[in-house]
Peer 1: 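Encoded as structure tokens, here's the structure I'll be asking about.
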Amino acid sequence: MNLFTQSVISGLMTGALYTLLGIGLVLVYRTARILNLAHGESFAITGVVAALLVGYGVPLPVSIAVAMLVAVAFATSLHRFVLRPRSEWPAGTLILITLGAAFVARGVMILLVGTDPVSFPALFEAPPIRVAGGALPVQGLALVLVGFGVSVAVGLFLAATRSGKQLLATAENPYAAELLGVDVERARLIAYGIGGLLSALAGVLLIPLIAVDFQSGLAMTLRGFIAAAIAGMSPVGVLASGLGLGLFEAMVGAYLGALFQDPVMFFVLILVALWQSRKIRFGGGRRA
Amino acid sequence: MTVRQLTIGCFALLAAVLPYLGLLPGWTPALATITAFAALSLIGLNLIFGVTGMLALGQAAFVALPGYLAGIMHVSGVPAIVAIPLGIASAVLIARLVAEIFIRLPGIYFAIGTLGLAFVVEGLARAFPSITGGASGLMLEPPVAMQADGWYILAVVSVALGTASFAWLVRGRFLRTLKLVRHDELAAQVLGINVARVKAQAFTIGSTYSAVGGILLAYYVRVLAPESGGVNASLEALAMVVIGGSGSVFGPLLGAAAIHWLFAVAGGAERFELLVYGLGFFLVVLYAPAGIVGALRLGWAIGEAQLGQRGAGTPAPAAAPPMTARDAAAVRAASAREGTCLELENVSKHFGGLRAVQDVSFTVRFGQIVALIGPNGAGKSTLFNVISGIEMPTQGRILLQGADIGELPIHRRAASIGRSFQVPRLVPDLTPIDNVVARLDHLPGDAREIDGQRVARAQLEAFGLSALADRPVNQIGLGYHKLIELVRASAGQPPLLLLDEPAVGLTADEVTQLADLLRLLKSQGAAILVVEHNVGFVETVADEIVVMDSGRLIAQGTPQAVMTNPEVRDAYLGALT
Amino acid sequence: MNGWYLRSVAVAALAAVLLPGELAAQANKTWLVGQVAPLTGPAATVGTRLDKAVKMWVEDVNTAGGIAGRKVELSTCNDENRPEKAVACAREMIDKGAVIIIGNTLTASLRAMLPLVRSGPTMLIPSPNIVPSPDSYAFQVSPSDESITESVARYMQASGLKKIGMVAATDASGEVGVASARKVFGAHGFDLQLARIDLRATDASTQLARVVGSDTRLVYSSYSGGGAVTVVKSYKNLGLEPPMIVSYANISDAFVQIVKDVKPPRLLGTAAAGIVPDVLKDPGERARSKAFLAAYTKRYSEPVDMINLLGKAATDVADAILRKVPNPTDFNAVKKYLESNVVESVHNQRFSPTSHVGLDSSAVVIVELKGRSWVLADPVK
């Protein structure tokens, strides 16, 4: 086996995951000014619900569709029924509300499936594709294609459709958008919806390759946040940052060892944060 | 001692002996010990996040660091009794360095940077097991053997000292400063606060609490695992601060106790444990957003109201104290000022290709009101920003009392420039008095609390606002905010006043009152530069009018001369009609 | 001062005086057994599975009327595998007067609890990662991690293999696993190819690509957490052929359910022999294992897994202490008893004055997943 090829393949898969999770987090952050700490729960909910339904003998496509629906419903109702009525509250408290929602979601999932990991079958059953000394499962290929494809699609949606433009306007400046007649609340709801949907999609494509348990959501929230942070909270940048992160993680893991993954990756994250903010720190006058 | 303080004291005593009474199921001395140590480190996060408003997502890094440093030093031969203070000191030093790097990062980047730091600390602790003990944890040996009760006493005493020191430290001037920084960094700078330094201070002091609480807990537990410095622990800490009551003195203690206890009793719910814990947490943040302290305050207020005690706690507004000889001397000195105060020499400000201000020169003398007018986009606001230091001029010199201030940072111009904003930038949860004192705090000279309070009260009295002086600003009508801000800007008799649209949003009566106030300030010797759209108001108060259009100065002179200038009528007045 | 205020203080003071007495009235009529286990948090699977075995024992004992006329009272404390909570839990147990503490938690927590039981009570530990000192009151009821690794080495010898690829997590189990592997495989002169995998990893293909060479005929994944599934699935997805050994912690039905369709051609695992009772030579051990397997399945409607079995071992020792030692609160007597007697269990525990680990590598076998059940594995051909 070729370690380099395999690292690239692994990096692409992880990168697609980062991207799918990051976009939703950015959209929500930009439109609603909230860091949604329950973001990754949509991923876990998808997995848990799909696994449960498949276990009860429901056909796989139906299980997946229902699971994704539940996940999107979770994300949107968190906004509609919990956060939106409290939009005047301080951001810190709202962030903790999302953390509370994540705890509740985990509490429900542990009741549904217990503490053991669960999974469900892959959509694509076929031998792995072999390229240049590496192997890529068909489901993994789907993850990569869908992950990056959907990210581009979201970019197009934002740039080309009326709803997308309204969402972007809200992201840019909610007050100005409101003055311009944009339905800011609708734009936020769409942002949460897209976030839930993309996390659910990540779950559908990735979980058959791994497993999910009641607390998988937190790690996914973190992944999304890291991708979003490196992209400077820009929805378009997440595509690049996700891909870069995935490849970086795979390469560090392969050549330096997994123990150094976090220190190296987050040291780079800190550098990126400093770089991203250089204009604010050094431009526009000396604001010591 | 008030009833309220006495109650807090009684409850604190009761809380300290509570674990031994067995009153509260699950609240054991051991749980209370770890809660107290955790609360001690949370005081730091409360200062950083709760009071100063910096979203530190990785504070656990500074909770775990000192233990690791001390433990590693101990292994390499340093006696524990030396290693522990050294560990704390090095952690605080690292926090100071980190503050230097991160503090200038705006909001979300500060959050990301600190989050990254937590990951780095946790990751390094795992990556070098031969030094750090790795994932299995670093073993720590306390320098003195202590029984469980000894530890509990240490925990209670240290958290009591921590809470008391926090209450003593974070009050008066420092508290006002932190609240200003939290609420509005720009306004804080304009009032003379070196925001970066204050934030670095808060972060360093906060991290000291984190470090002390963290190392005590680590030595009590004797094992330090990498997770204790990681992001989960950091998020949990944030949750505790908010549950307890963000920014309040007892918030960290109550938050830590609530979360630890809730978790301990949720264990009885078996499979439902996580749901019970999650729902409990969720409901508290939803229905008691001000935390437990907020709920207690509300309860206290209701209790008082039911007993008809309302109002007894708040003192009647004190009459303004008479002007002392020293105040009078200051005012006389100010009125004696003469000559040129502000001088702009060929000032330009370009943003890339956009020439916002081009080659503008004019002067403002002491005892003179100059109005700066012009259509939207004429460059008035940019020029104001250049004078107050928010923007650096691309070209030209800005002389204040003869000295070039063009290179000075905003906060270092505050003593010479008092500024108001188009939309007033007062701290909503402080009283007008405190808002004014917040400016006096950062003026040069001896700033004793009592002096500041007196001067502020006198100034508010002079402006006819003494009836409102002791109510939080957010309970005062918006119309008064402009006037209060004017009091704040003029407090301390700065040579130059920059007033940004002071008359906008005021009623006709208030505008008349404002005009009188400006004349009063003028008579006290101030040089006043006003940006204003209300031409009628400008004509009545201004000694001189400067007109800008498209970044250029197009006219200058007495109101009559300017208003009849055809170029002005074309550019500005024409645009209005 | 007003009435409202005085009333509240008076009520609080009255309550403070009255209630403790009431609590003290519940005298020691039971054997208090404390259990510290992570029931939530990252190690929740381990905690809940050990807890099931312990609960079953307590129910059985109490249904049968208790021990020496006293019922067993189980007090479980969730430590989330966090050392500070483990300390609070352990101190609570000690203060309540627990006779035995079952430390059903993981490495860092256990290391924090050990110093607390220096003068008792007896502490029983099922985690292979801890080797208690012989001068302590702590006893480990499972084979040590080194013994488990030793059994892998033995299997390699039987198969004539000299090279092994190993994947270990970045958690404590991985850390201990790596140390054992370096020591044991090194002593045998085996070629060890090693890669660590991050706990958040969603793909193990680079790790596997690194440790599996063209001449590798056996791969060992010591990952004991949920992420082990990722390693097995990546293995399958890479189309790798050599047999793969997974950790004893994965010898469970939940694991089998997930990997049954995506497992490598031969999926092996390290396990205590009790999971395949027929290989046990001692008829007593065989009978007890079979009885436990049947009883557990009946009680919980699921097959026994390896971690349940370790929990059972702990309860067997606890049971023996309460029945055989005249005064179980005399911890020196307990220590002496355990060090000088064989404790009958699913695997008889043999502690000694020089070792507080009850099992050695002879209790560990390599099993193979055939269909839905684990059987003794044949050597690699």
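Here is how names work: the chains are called A, B, and so on, in the same order as the sequence lines, proteins then strands, and each is numbered from 1.
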Peer 1: Identify which part of Arg106(A) has an atom lying under 4.5 Å from any heavy atom of chain C, answering side chain, backbone, both or neither.
Peer 2: neither

Peer 1: Got a second to check how far Leu259(A)'s CG is from Ile197(C)'s CD1, nearest 0.5 Å?
Peer 2: 12.0 Å

Peer 1: Using a cut-off of under 4.5 Å for heavy-atom pairs, which of Leu208(C), Asp261(C), Asp203(C) has the most such pairs with chain A?
Peer 2: Asp203(C)

Peer 1: Run the numbers on Thr45(C) and Thr115(A) for side chain to side chain donor-acceptor pair (under 3.5 Å), then give the verdict.
Peer 2: CA-CA 5 Å; Thr45(C) 28; Thr115(A) 52; 5.4 Å; no

Peer 1: Thr206(C) and Gln6(A): side-chain donor and acceptor closer than 3.5 Å?
Peer 2: no

Peer 1: Tell me, side chain or backbone of Asp213(A) under 4.5 Å from chain C's heavy atoms, or both, or neither?
Peer 2: neither

Peer 1: With a 3.5 Å distance limit and no angle check, can you tell me whether Arg200(C) reaches the backbone of Leu222(A) through a side-chain donor-acceptor pair?
Peer 2: no

Peer 1: Which atoms of Met220(A) come close to chain C, meaning under 4.5 Å heavy atom to heavy atom: side chain ones, backbone ones, both, or neither?
Peer 2: side chain

Peer 1: Locate the shortest heavy-atom distance separating Leu39(C) from Ile110(A); write the atom from each residue and the value.
Peer 2: O-CD1, 4.4 Å

Peer 1: Given a strict heavy-atom distance threshold of 4.5 Å, which part of Phe214(A) is in contact with chain C: side chain, backbone, both, or neither?
Peer 2: side chain

Peer 1: Is it the side chain or the backbone of Pro208(A) that comes within 4.5 Å of chain C heavy atoms, both, or neither?
Peer 2: backbone

Peer 1: Which residue out of Val262(C), Thr48(C), Asp198(C), Leu199(C) racks up the most heavy-atom pairs below 4.5 Å with chain A?
Peer 2: Asp198(C)

Peer 1: Chain C heavy atoms under 4.5 Å from Leu136(A): which part of the residue, side chain, backbone, both or neither?
Peer 2: neither

Peer 1: Hey, which of Ser10(A), Pro128(A), Pro137(A) is the one that makes side-chain contact (heavy atoms from CB on, under 4.5 Å) with Ser205(C)?
Peer 2: Ser10(A)

Peer 1: Counting only non-hydrogen atoms closer than 4.5 Å, does Leu209(A) touch chain C with its backbone (N, CA, C, O), its side chain (CB onward), both, or neither?
Peer 2: both

Peer 1: For each of Arg210(C), Arg49(C), Gln207(C), tally heavy-atom pairs with chain A at distances under 4.5 Å, and name the one with the top tally.
Peer 2: Arg210(C)

Peer 1: Quick check: closest heavy atoms across Val229(C) and Ala211(A), and the distance to 0.1 Å?
Peer 2: CG1-CB, 3.7 Å

Peer 1: Starting from the C-alpha separation in whole Å, work towards a yes-or-no answer on side chain to side chain contact (heavy atoms under 4.5 Å, CB included) for Met13(A) and Thr202(C).
Peer 2: CA-CA 9 Å; Met13(A) 283 163 58; Thr202(C) 51; over 6 Å; no

Peer 1: At a 4.5 Å cut-off on heavy atoms, which part of Ala44(C) comes close to chain A: side chain, backbone, both, or neither?
Peer 2: both

